[in-house]
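Read through the structure below, which is laid out as structure tokens, and then see the notes.
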Amino acid sequence: MRVSEKKTVIETKALTRIYSLGDSEVIGISSINLEIAARELVVLKGNSGSGKSTLLSLLSGLDRPTSGELKVAGHDLIKAPEEQLTRFRREVVGMVFQNFNLLPTLSVLENVCLPALLAGGWPEKIEPKAIDLLQWLGLGDRMAHQPAQLSGGEMQRTAIARALINDPAIILADEPTGNLDSRNGQLVIQLLAELHRTRERTVIIATHSNLADAFATMEICLKDGMITDTTCEV
Amino acid sequence: MRSLVFFLRLFSWFSLRHIGKHWFQAMLVLFGIALGAAVFTSVRLSVHASLRSFTSSMNHIAGRTEKVLARPGGFLPESLVSAIINHPSVRNASPMLSGYVQHFGADKEPFLLIGIDPILDRPFRSWQIAKGKPRKVGMWLDLLKEPYTLILGGALARQYGYAPGEKIKLEHSRQTVDFRIVGVLAPENLALAEGGRLALTDIATFQEFTGLYGKIDRIDLRLQPEQTAENFQNIVSTLPPGVIMSSPSERRESGQAMIRAYQLNLSILSFASLFVGMFLVYSLVALNAASRRHELAILRSTGASARLLFLIFLAQGTVFGLAGWLLAIPISSFLIKYLLHGVSQTISTLFVRVTVEQLSLNSWEIFLSFMVTIFISVLAAYLPAREAMQVSPKEALSIAEHSEQADKPTLRLAGLGIFFIVLVWPLSKLPGYAGVPLPGYIATLLLFTGFAMLSPWILEQLGKALAPKLRRLGGMPAYLAGRYIRGSGNRTAISVGALITAVALFVSLVIMIHSFRQTVQLWAYQTVSGDLFATTKMGEVNQFRYPLSPEVIRTLTTLDAPVDLVPNRRYFLNYGKFPYEFELLDVVTFLRYGSYVWLKGPSETAIHRLISGDGVIVSEVFSNRTGLTVGDLFRAQIETSLVELPILGVVRDYRTQGGVVFYAMPHFKRRFHDPKWGGVRFFLRNRNQNLDAAVVSLRREIIEKCGDQLGMISGKELRQSILKVFDETFAITTILLFIAFVIAALGITTTLAVLVLERTSQLNTLYAVGASFGQIRRMIFWESILMVIAGETAGFLCGLILSYLLVFVINRQSFGWTFLYGLDLKALVFSLPLIILTALMAALPAIRLVFRQPPAMLLRER
């Protein structure tokens with residue numbers, strides 16, 4: 001799914017997520033008001049526990065807010081039934097995780113094909129696309145390997161390929177460099193920036209590091225679950 | 001001491017809290033182990049109660065007897081008592097007669113009546129009359145002074161509500177007589193034999209009651225101290241022909257051997273439940289070791305030794321064993337209520353008469369069940385503990401998850417598994433040791449282990465072969481399930497191994513029971529043929545020791561009904577310590593209507609020679625247990641005759657109290673002595689009439705002419721009762737099998753639950769990349785389908801091999817018999833899909849566990 005230029009792709013109003021932990025409650029994020037236009041590269045910053053991951057989980061449809069409004073690419077994620085959320089995750093967003101989260105029993109190529117296959121796509125059509133993506137990411141010779149046989153950088157590039165297989169409008173990356181050395185970390189950020197630049201995707205990167213700063217078109221700082229106007233100090 | 005306290009504290013922090021957090025899986029495992037331990041304990045205790053009752057009965061009856069004089073299959077002349085009592089080597093001698101009688105009019109449960117000389121018997125057995133009113137010194141002397149008096153056992157007095165002074169009417173095959181009750185036995189020593197269901201009378205009264213004038217069963221002896229072999233020989237040389245001197249322990253030992261063989265078989269079967277439970281412990285401890293690698297690495301990096309981690313995981317197994325065993329106590333107390341009665345009844349029907357009134361908690365049996373439960377639990381935890389101790393402290397520095405998907409040596413394991421399975425064949429050819437089918441049991445263990453070792457390879461191949469097809473059949477969820485199963489390694493394989501064990505047990509027992517039943521049915525219709533069987537009243541329980549009277553025989557041979565008679569006489573004897581029956585019958589008439597199920601020997605020639613009285617034919621059990629076969633010489637002392645005859649053939653026979661030797665009755669009479677008729681079977685000459693009605697009419701005619709002197713049963717009823725006994729015997733087996741299945745189903749639940757929890761992150765990833773809840777649940781369901789298919793297919797194959805072992809090796813080595821092998825296709829076709837359904841139902845709790853942790857957990861900062 002492609003989103004037309006200049007259009008607001010993400011819109012939140014008073015978005016709040018409160019977790020219940022036994023008798024006590026923990027505020028994940030509180031009253032977040034946000035508008036993100038298509039083709040932005042947003043760097044989401046904040047210390048541990050600031051609410052970055054909570055915000056990403058809401059934007060990706062992995063979790064539902066406690067209150068507020070949330071629209072992503074025209075989908076009202078507050079009211080969306082479970083089936084619509086599943087479709088949303090398949091078609092609208094692509095996720096990249098800190099721990100790569102590749103399925104260990106599948107090969108690199110199979111991991112990349114997985115979201116498209118889950119969406120009901122034909123393997124004959126999906127595989128050439130996955131091969132193209134892997135070759136573009138420099139993993140052409142690793143397609144038959146198991147995740148356990150890859151380096152950290154290779155695993156994260158595989159995860160990026162997987163995030164792209166369904167051609168999503170938005171890429172959400174949660175600490176994508178957190179488990180990588182600086183060289184591989186830089187490479188991954190460059191790839192995400194290239195996606196934003198050449199493939200016209202909206203990319204949101206939650207990170208502690210400054211690696212993505214140079215490519216960011218927008219920076220959001222979170223502190224104690226709220227957006228802060230002051231400069232981020234991570 | 002300090003290090004022990006530290007270990008316990010660390011164990012509590014690290015393991016117990018974790019177990020508490022995952023209490024559902026822990027409870028499933030505990031329940032599985034508890035069920036296994038409960039079955040094992042209850043079976044052992046139930047059989048032990050019967051064994052104890054039998055041994056104590058035999059000991060109380062034997063008293064202080066050192067040697068016994070008896071004539072195999074017959075009686076001794078009473079005159080021998082006075083001769084032997086004066087022998088210089090003999091200190092005391094006491095004659096005895098015993099037999100089963102029944103209370104007239106009340107329930108027909110026979111009880112033991114013992115005839116003794118109250119004075120001569122004093123040095124041998126202790127018994128006394130219970131205190132009560134009226135009580136006077138020397139009440140027991142009334143036995144001598146007054147005919148038809150007796151002292152009643154406590155259990156009988158309570159059951160029938162009799163008190164001293166009252167009269168009790170007793171029935172024997174010869175007559176029904178009123179006895180005056182002199183007193184009730186105090187509950188000690190002899191009074192405890194037969195569970196108190198016995199009565200004492202004077203030997204002269206017994207002889208008059210049964211018509212055994214001048215005859216006695218046996219003479220019990222106490223010898224002068226320090227007797228030499230020469231003295232023994234001297235006593236033996238003074239005995240009349242056919243009288244033998246033996247130890248009172250011989251009969252007890254032969255009965256004990258039969259009960260112990262039964263106990264061993266039931267123990268092995270009940271151990272299967274514990275064996276399946278072992279897979280549960282392995283499954284959960286292995287999960288803990290695998291899913292907590294990072295924590296283990298942290299422990300190692302903070303100074304814990306590899307040995308400490310090993311011990312922590314071994315302690316987990318111990319805790320499961322200990323808690324499971326404790327939980328087994330209430331389950332056992334419920335199970336034992338059923339088993340105690342069922343087992344003692346089965347032993348009484350199949351082997352020796354036992355009366356078990358209450359359970360005796362034997363400390364050795366309890367200790368054994370405790371040790372076996374702990375041992376298998378620790379054994380199950382051993383491999384995961386080894387895995388845990390190999391975790392490197394370096395892993396603590398790594399953030400990425402360590403998966404277990406490295407290359408597994410499945411092929412090497414499968415190779416070893418096949419080697420074990422192949423070993424089963426030569427092992428099955430080895431003979432048992434001392435009546436214990438040790439090679440058979442080792443072969444069974446190797447078979448289970450071999451198939452368990454094959455299961456990772458089977459799953460790998462199943463996943464490889466089916467994954468592409470599964471995509472077409474069940475879409476992506478099925479495909480992913482196939483891919484997961486293919487690389488899931490030992491944990492899934494262990495659960496499949498448990499299922500293989502349960503299915504194999506089921507298939508093999510279904511085949512064995514079916515083969516056994518079919519063969520018994522064939523035997524019953526061929527060899528136990530006859531339209532009506534008549535013998536003296538309580539003939540069977542008294543081992544047909546009281547022959548039919550000449551008047552009865554005369555009546556039976558001159559009946560109006562057109563029938564052929566096959567008279568018989570059955571002697572209950574011992575070949576060494578092995579009990580068997582020597583059956584004489586009119587072979588010529590019998591073979592006109594019935595036949596033998598031949599196993600060995602040229603049947604035509606053998607039948608011809610059997611009819612001519614040239615030799616005997618023996619049952620398979622007799623042949624296997626004594627080692628005698630076709631061509632060997634059968635030798636036995638039977639009443640006054642020493643019988644020496646060649647063995648002409650071996651036939652199938654499923655009488656439970658040992659083996660059988662058949663010989664032609666007319667030739668026995670001619671060559672040895674007149675055996676007298678013990679019973680008769682009638683064959684209706686006209687086979688085209690309504691046989692049931694004709695039997696009723698025949699029975700009516702016999703009752704009209706002979707009165708109530710005979711015990712009769714129609715052939716149809718007898719054959720039905722044989723099959724009923726058969727079905728009741730295997731009821732216990734079926735229950736044990738069912739429990740093994742419940743535990744295997746728990747194994748499926750635990751494994752799948754473990755696999756779901758272990759893969760929380762993977763399942764959440766699937767959700768994040770677009771899988772719906774339904775797709776993920778279907779994937780788990782497909783995984784269980786594949787596991788069940790693998791377990792059931794391999795279990796079926798394993799079961800076929802095991803059924804061969806059961807039919808041709810273990811049964812032969814345990815009981816001496818084999819059966820005609822037959823597949824019960826109907827039962828298998830009906831039940832195997834049911835097992836699949838049950839196993840799939842067991843997957844449901846695991847499916848419910850999916851997403852107990854929200855998918856957003858994936859994004860939580862670590």
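Proteins come first, then strands; the chains are lettered A, B, ... in the order of their sequence lines, and each starts at number 1.
- Listed here is the closest heavy atom pair of A:Arg162 and B:Thr765: NH1-CG2, 3.5 Å.
- Counting non-hydrogen atoms of neighbouring residues, nucleotides and ligands closer than 6.0 angstrom, the CG atom of A:Asp181 exceeds 12 such neighbours.
- Contacts between A:Glu110 and chain B at a heavy-atom distance below 4.5 Å involve the side chain alone, from C-beta outward.
- Of the atoms belonging to A:Arg87, not a single heavy atom falls under 4.5 Å from chain B.
- Distance OG/A:Ser107 to CZ/B:Arg483: 6.0 Å, rounded to 0.5 Å.
- Here B:Gln762 contributes atom CD and A:Leu103 contributes atom CG; the two are 5.5 Å apart, rounded to the nearest 0.5 Å.
- If you take CG on A:Leu85 and CZ on B:Phe773, they are separated by 9.0 Å, rounding to the nearest 0.5 Å.
- We find the CG-CG distance between B:Leu480 and A:Leu114 to be 5.5 Å, quoted to the nearest 0.5 Å.
- Residue A:Lys223 qualifies as open at atom NZ: its count of foreign heavy atoms under 6.0 Å is 12 or below.
- Shortest non-hydrogen contact noted between A:Phe97 and B:Ala768 is CZ-CB, 3.6 Å.
- Considering every non-hydrogen atom in both B:Gly770 and A:Thr86, the closest pair reads O-CG2, 3.4 Å.
- Heavy-atom neighbours of B:Leu416 CG from other residues, nucleotides or ligands within 6.0 Å: above the threshold of 12.
- When all heavy atoms of A:Pro123 and B:Arg471 are compared, the pair lying nearest together is CG-NH1, 3.2 Å.
- Closest heavy-atom contact between B:Val769 and A:Arg90: O-CG, 4.4 Å.
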